[in-house]
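Reminder, nothing fancy here: chain letters follow the sequence lines and each chain counts from 1. Computed from a predicted model, the values in this text were never measured in an experiment.
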There are 2 protein chains.
Amino acid sequence: MNYARFIRTVAVSRSDFCQEMLAANRQAIKIKKEAVAVGNLERIFEATLAVSNQKGFAAMTMRDLSKASGLSMGALYDYLGGKEELLEMIQATGRRLTGRILKQSVASQQDPAEQLAAAIHAHIFLSEAMQPWFFFSYMEARHLGDKEKRLAKESEQKTERLFATIIRRGRRQGVFREVDPNLAAAVIKAMVQDWYLKRWKYAKRRVSVDRYAAFVVDTALRCCRGGAVEERA
Amino acid sequence: MNYARFIRTVAVSRSDFCQEMLAANRQAIKIKKEAVAVGNLERIFEATLAVSNQKGFAAMTMRDLSKASGLSMGALYDYLGGKEELLEMIQATGRRLTGRILKQSVASQQDPAEQLAAAIHAHIFLSEAMQPWFFFSYMEARHLGDKEKRLAKESEQKTERLFATIIRRGRRQGVFREVDPNLAAAVIKAMVQDWYLKRWKYAKRRVSVDRYAAFVVDTALRCCRGGAVEERA
DNA sequence: GTCTATATACGGATAGAC
DNA sequence: GTCTATCCGTATATAGAC
């Protein structure tokens, strides 16, 4: 799997995101016309991530958001109940969208090594397609209410458990060595997350997402099975 | 090297930190008596990290800080020029302190594999000893002014260059395989950073800092040299 | 050296015109 | 549907008593 192929199989554009967001919050958003609502939600969404990812959500004022989105203060409040609700709306929508896509991406392989590679690829490629949201979600999780915070944690743990489950199966089948599945899963997740946390660094060094993903898969397999693993892409 | 031994060789207590902080800001801090100043700086320092690491620095109000530190609003301003300056004071002090200690910790080994292990150990152990500061520094770097932000970035890059340099030397000596030194350094740093970014997770799973460091060293060496590396602790 | 009380400004949210 | 003008709470920072 490479990024170009992956991106053709999923619907994760800004427009997809905002359609999902509108549908889930139909009653709270005062604007009737579907097209107008989605269009302006896109501007709000993009502005929120742009400003927040630079200075932090807490430091972003509604006036900042008004200026960056091109909508007036009054208009903003026809689209969102308040700053808090904006945060939760974006987080919840992203969680649903990414959860659904990861589910459909991982099911195909049989061999544990292939499964592990597929899971790593899916996570890195998805975080590439939705990098601003992933970064936002990681950095702003602290500002959520208790319930939302719990959901965000669970969603993260699911990723890690997926890696650990694959590794455990590989061990049982004798394909992997006697590695600690939880620790291995933890460091693999750390490597996967680095792609969206330090994206500027990789962009500056001209590391493509395909090359990064291949490197992480290689390192993960070297961690999980003994001996050389030169045959992997 | 293990954590217990490491911690005996370095001076990184809260008191050490605040002495350093006072010395570097002697003119800006209005309190004359050394002992009083350091004592209250400790309370301010601890309160700042505690509140910020829970809700974020931007969301922490000076009233929060006043309550958490036990000092009145008025007294706070005898110790710091303002919220912004407090942030920069803490960041700059931490940067100096960690920079100095890392420098003194890495110089000893000769063999590239041993050097890499030493560098990983030093970074993980230091981040364990000063976890709240490392977490704070990572999460709040965005809120710094341009000059401070640049210094923080440089300090991070230095770590990564250190790893890459060791790996390059190992390649030249034929101890390591033809691995990309920059990518390898990047994922090693990601694993190292995970220790202070997800510390609660590891605490809950009862993973000790020694076990985590050993696992990262093992994975890093599996990444850098071909074949099995079972002989390492 | 530390406190209380307060000046001043800024941010979130809304009312009502267009 | 969107805008401008404004209310009101809260935040930073300081003045001056003790």
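- You'll find the ring centres of B/F215 and B/W195 outside the 6.0 Å limit.
- Atoms CG (B/L76) and P (D/dA11) sit 14 Å apart, rounded to a whole Å.
- Scored by the side chain to side chain contact (heavy atoms under 4.5 Å, CB included) test, A/K32 finds no partners at all (sequence neighbours excluded).
- B/E148 has a carboxylate O that lies under 4.0 Å from a charged side-chain N of B/R95, or vice versa, which qualifies the two as a salt bridge.
- Contacts between residues 28-51 of chain B and DNA chain C, counted as heavy-atom distances below 4.0 Å, involve B/I31, B/K32, B/K33, B/V36, B/N40.
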Reading nucleotides 13-18 of chain C from 5' to 3' and marking B where a protein heavy atom lies under 4.0 Å of the base, S where only the sugar-phosphate is that close, and - otherwise, the string is BB----

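- One can place CG of B/L22 at 15 Å from C1' of C/dG1, the figure rounded to the nearest angstrom.
- A/H123 pairs in a ring-ring contact (aromatic ring centres under 6.0 Å, His included) with only one of the listed residues (A/F163, A/F6, A/Y212), which is A/F163.
- Per the geometry, CG belonging to B/D78 stands 12 Å off C1' belonging to D/dA13, to the nearest Å.
- In this structure, B/S69 contributes its side chain and B/L65 its backbone to a donor-acceptor pair below 3.5 Å.
- Because its NZ or CZ atom is both nearer than 6.0 Å to the ring centre of A/F57 and within 45° of the ring axis, A/K83 counts as a cation-pi partner of that residue.
- Taking atom CG of A/L86 as the reference point, atom P of C/dG11 lies 17 Å away to the nearest angstrom.
- Remark: aromatic rings of B/F125 and B/Y3 are close, center separation under 6.0 Å.
- When rounded to the nearest whole Å, the span between CG of A/L65 and P of D/dC3 equals 13 Å.
- Rounding to the nearest 0.5 angstrom, the gap separating the OG atom in A/S15 from the CE atom in A/M21 is 11.0 Å.
- Under 4.0 angstrom from either OP1 or OP2 of D/dG1 there lies no side-chain N or O belonging to A/Y79.
- A/T61 comes within 4.0 angstrom of sugar-phosphate atoms only, judged by non-hydrogen atoms across all strands, and of no base.
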